[in-house]
Amino acid sequence: MTIRARFAPSPTGYLHIGGARTALFSWLHARKHGGKFVLRIEDTDLERSTAESVNAILEGMTWLGLEYDEGPFFQTHRFDRYREVIQRLLDEDKAYYCYCTREELEAMRAEQMARKEKPRYDGRCRARTTPREGVEPVVRFRNPADGVVVVEDLIRGKVVFQNSELDDLIIARSDGSPTYNLTVVVDDLDMTVSHVIRGDDHLNNTPRQINILRALGAEPPVYAHLPMILAEDGAKLSKRVHGESVSVIQYREEGYLPEALLNYLVRLGWSHGDQEVFSLEEMVTLFDIKDVNNSASSINPSKLLWLNQHYIMQSPVEHIAHHLSYHLGKLDIDPSHGPDILEVAKVQQERAKTLVEMAEMSSYFYHDFAEFEEKAAKKHLRPVAAEGLAKVRDALAALEDWTAENIYQAVVTASETLELKMGKVAQPLRVAVSGRAATPSIDITLYLVGKEACLRRIDRALDYIAQRESAA
RNA sequence: GCUCCUAUCGUCUAGCUGGUCAGGACGCCGGCCUCUCACGCCGGUAACAGGGGUUCGAGUCCCCUUGGGAGCGCCA
């Protein structure tokens, strides 16, 4: 049997972190077994589905690199097929028309709740043979009244449901459109899906789907229900309370590498001994859906950040430069004017936790900064620093070859002649040239900023100190 | 309310068929390195939800309680 897994999001928003992990696990399962990964868009809810959401999901999948072998299939394109199946169930008396109005159903539920019973359809239209005037009927599936449904879940093990707990669910609305539980079953069947890997929240739907499947004379696929991903505060992830931080694309905008997010996600509910870092290839070979945990996990932003930094450090510099260029662009910086972006990326690789941070801390390489960081200037651009600064300035101005090595020598020589520790000269110099107290090593920093800009900025710092002195 | 799922450091987790000083990672704290920041290195912090069983022995198996989550829609 060839393995066929699928990811079936409904396009009612962007691709969120939980959906991304579900997609990843399903994708990994398919890849590991040399199977196929199918993408299906569950857009039968015409009210809430949007084309923008479809695009956002596809964009998210592409950015993560979770390419699909088939699809995207749209359920809205398959209505004829669903109608056919519904008709067949009706013909075989495995489904029936229900003429209850929404009001009646609501009243029934309210009564049941009042009696502390589980709200469920009581089957009052099961035996009805005549239509009701003025009511467009829905179609209900005739669920077996007794016996049990056993879900053999790859993650949960055997889960048993009593048929008596299940009611006759609606498979077609009064306008004839099919509902979720019907479309899922038909699609998984038609698309010969062998493994349904999805969120835990669907576990309770599974016995209903199995019953429909059996009524259709089919055998159920293999199920694997993934534990939920909770927000940092342990609450359910929601756009309303957690904002954009649940959107995959938002992570891209905030300077995360897709491989870091993927690595972070794969460790949520899954592990392989003590290993923390996994390349995509390793995930594919090491991942086993059976090893997935069964309890929910909360997302931990600081660990994601750590992984992101790890990947920024480990990646080839070209790869980082490519991403850095995107984020510099967002800051209105054109990296073609200024130092080689490869060199910038190289020196910043181990200092930035995100690419956004890297872009921000690299801006002074490309243009003069507006003003000195207040704290840095206060601490380092003091009158006592003026002499050292002036001395280095002259030494730097005299340099014929603007190389990191020569710059380093100039700084060392200046501090030695003044009998100062190197830091006493380097720190003011750093602030003068970059506007801030933390940069790559002083020689590289000056080298990348360039001779002309360095001298100009040192003069500016000297003016600043003089002004400060006269003000005092 | 009913049904289902679930429970190891703050967080992610290891702990296969019962015997470990309950391990790793992130974070946090301290130290080293050092021109700053960061990296790196060294060290520290911190957990088996509670209660019953089974057993010579339970984080591990069973039951109960409590906590958390999901579902109970003409949403998916």
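Because only heavy atoms are used, hydrogens play no part in the values below, and waters and symmetry mates are left out as well, while side chains stay in. Naming convention: chains lettered A, B, ... in sequence-line order (proteins, then strands); numbering from 1 in each chain.
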Polar side-chain contact A/R351-B/C37 base: donor and acceptor under 3.5 Å: yes

Base-contact (B) and sugar-phosphate-only (S) positions in nucleotides 18-34 of chain B, heavy-atom cut-off under 4.0 Å, - elsewhere: -----BBBBS-------

Nearest-nucleotide comparison on RNA chain B, the residue closer to the 5′ end among A/V160 and A/P137: A/V160

Sugar-phosphate, base or nothing in reach of A/K118, heavy atoms under 4.0 Å: base

Phosphate-side-chain proximity, A/T44 and B/A76, N/O vs OP1/OP2 below 4.0 Å: yes

A/D45 CG to A/Q75 CD distance, which is reported to the nearest 0.5 Å: 11.0 Å

Sugar-phosphate or base contact per nucleotide [nucleotides 61-69 of chain B; S, B, -; heavy atom under 4.0 Å]: ---------

Residue mapping more 5' on RNA chain B - nearest nucleotide basis, A/A437 or A/N294: A/N294

C1' atoms of B/U20 and B/A14, separation to the nearest Å: 12 Å

Below 4.0 Å: OP1/OP2 of B/C12 and any side-chain N or O of A/S271: no

Nearest listed nucleotide, side chain of A/N181, among B/U36, B/A76, B/C2: B/A76

Ionic contact status for A/R40 with A/E42, cut-off 4.0 Å: yes

